[in-house]
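Working notes, structure below.
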Amino acid sequence: MGKIVALVSGKGGTGKSTLCVTLGMVLVRKGYRVLLIDCDCGMRALDILMEIDRNLVFDISDVIKGNCTEEKIIYPCEFCEGLFLISAPQNPDDLVCKEDMKHFTDSIRNQFDYILLDAPSGIGKAMESAVYNADICLVVANAEAVSVRCCVSVRRKLYDLDKNNIRLIINKFSKKEFRKNPDYPDLDSIIDETGIQLIGIIADDKKTIRSLRSAMQSVRGVSAMECVRRTACRIDGENIPLLIC
Ligand SMILES: Nc1ncnc2c1ncn2[C@@H]1O[C@H](COP(=O)(O)OP(=O)(O)OP(=O)(O)O)[C@@H](O)[C@H]1O
Ligand SMILES: [Mg+2]
């Protein structure tokens, strides 16, 4: 039975969608079959990152409304065999409620080893749908004051929803830039403020992130992808150290 992982954040643009795809890619490299579900209704992104947008016809709301069968909404990623996408609706009125999302993810979780759900930023209804059936919630933040403070609201919201298995990922991290940041003397001060246990730190690495297709070829030795690989291993229960770039 597949493990369901939701990626959330308070502040927008912390890197959830990108991380959702790169985590999926490294989990596929570990030999797993991985499904990504875009939950950002009206603002979907994963189809573009996975280069599926041109072929996309059906989204998750089509199955919920009975417009098509389940197989029709699952799209394979051409540059990463074993990685699949279910897209979010483009129409915000087609938001899938949390009960329907739970029912649907339960019905397909035996077909995949991992199901990663990419939530929209914030703590609204679409975020609730994304986390409702998740086994683990990953709060994606950047090492800056606004992003860190937003994690506190997200953590409270997750506790309200009875989601207690929560981990923090600090994305777009640069040791050099962090040293210049007067808000935080060290990483522990960020972790303390969020109140969330750290599971990953991902390097700020715009060059690699620009093309996920080429990032797929070169996981080892490339800073952001090596960070993602280690984070995925930790999510998968392996006890390996973080890479702090
Ligand atoms: N590790 C990284 N290093 C450098 N840039 C990154 C990294 N991860 C993501 N980015 C960049 O940050 C920007 C936002 O990323 P992304 O769209 O994945 O964020 P998001 O949290 O999903 O945003 P939203 O809240 O709008 O859904 C993009 O330009 C992306 O390329
Ligand atoms: Mg996104």
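Model, not experiment: these values are computed from the prediction. Counting starts at 1 for both ligands and their atoms, following the listed order.
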- prompt: Got a sec: is Met43 within less than 2.8 Å of the Mg ion (ligand 2) via an N/O/S atom?
  reply: no
The closest protein heavy-atom partner of atom 8 (N) of ligand 1 is Asn171 ND2, 3.3 Å
**Message:** I'd like to know if the side chain of Lys11 reaches the main chain of Ser121, judged simply by a donor and an acceptor atom lying under 3.5 Å from each other, with no hydrogens or angles considered.
**Reply:** no
Checking heavy atoms under 4.0 Å, the part of Asp40 that sits near ligand 1 is side chain
**OP:** Carefully, step by step, assess Asn133 and Phe104 under the rule side-chain contact (heavy atoms from CB on, under 4.5 Å).
**Re:** CA-CA 10 Å; Asn133 201 26; Phe104 178 74; over 6 Å; no
NZ (Lys3) and CD1 (Ile136) are apart, to the nearest 0.5 Å, by 5.5 Å
> For the hydrophobic clusters of this structure (ILVMFWY residues joined by side-chain heavy atoms under 4.5 Å, transitively), does one cluster hold both Met225 and Leu19?
Replying inline: yes
Judged by heavy atoms only, the candidate from Arg210, Met43, Lys16, Lys172 nearest atom 10 (N) of ligand 1 is Lys172
| Is there a donor-acceptor contact under 3.5 Å from the side chain of Thr105 to the main chain of Lys102? | yes
re atom 9 (C) of ligand 1, the protein heavy-atom contact at minimum distance is Thr18 OG1, 3.7 Å
Within 4.0 Å of some non-hydrogen atom of Ser121, the atoms of ligand 1 are 25 (O)
- Task: Kindly state whether the ring of Phe178 and the ring of Phe173 have centres lying under 6.0 angstrom apart.
- Result: yes
So CG of Leu83 and CD of Glu78: to nearest 0.5 Å the spacing works out to 12.0 Å
- Query: Checking Arg234 side chain against Ile199 main chain: does a donor-acceptor pair fall under 3.5 Å?
  - Reply: yes
min-distance protein heavy atom vs atom 3 (N) of ligand 1 -> Asp205 N, 2.9 Å
Atom 26 (O) of ligand 1 has as its nearest protein heavy atom Gly13 N, 3.9 Å
ask   = Where the side chain of Asp59 meets the backbone of Ser87, is there a donor-acceptor pair that is under 3.5 Å apart?
value = no
Review point. Ligand 1 and Gly15, any nitrogen or oxygen pair closer than 3.5 angstrom?
Key: yes
The side-chain contact (heavy atoms from CB on, under 4.5 Å) partner of Val8 among Val140, Val154, Leu117 is Val154
Note to self: Taking only non-hydrogen atoms of Ala203, do any sit less than 4.0 angstrom from ligand 1?
What the structure shows: yes
Looking only at non-hydrogen atoms, the one of Leu212, Asp118, Thr208, Asp204 nearest atom 4 (C) of ligand 1 is Asp204
Numbered in order shown, the ligand 1 atoms found under 4.0 Å of a heavy atom of Lys206 are 3 (N), 4 (C), 5 (N), 11 (C), 28 (C), 29 (O), 30 (C), 31 (O)
* Counting both backbone and side chain atoms, is some N or O of Thr14 under 3.5 Å from an N or O of ligand 1? -> yes
In terms of its nearest heavy atom to atom 17 (O) of ligand 1, the top option of Ser17, Cys20, Gly12, Ala141 is Ser17
Any heavy atom of Ile209 under 4.0 Å from ligand 1? The part involved is side chain
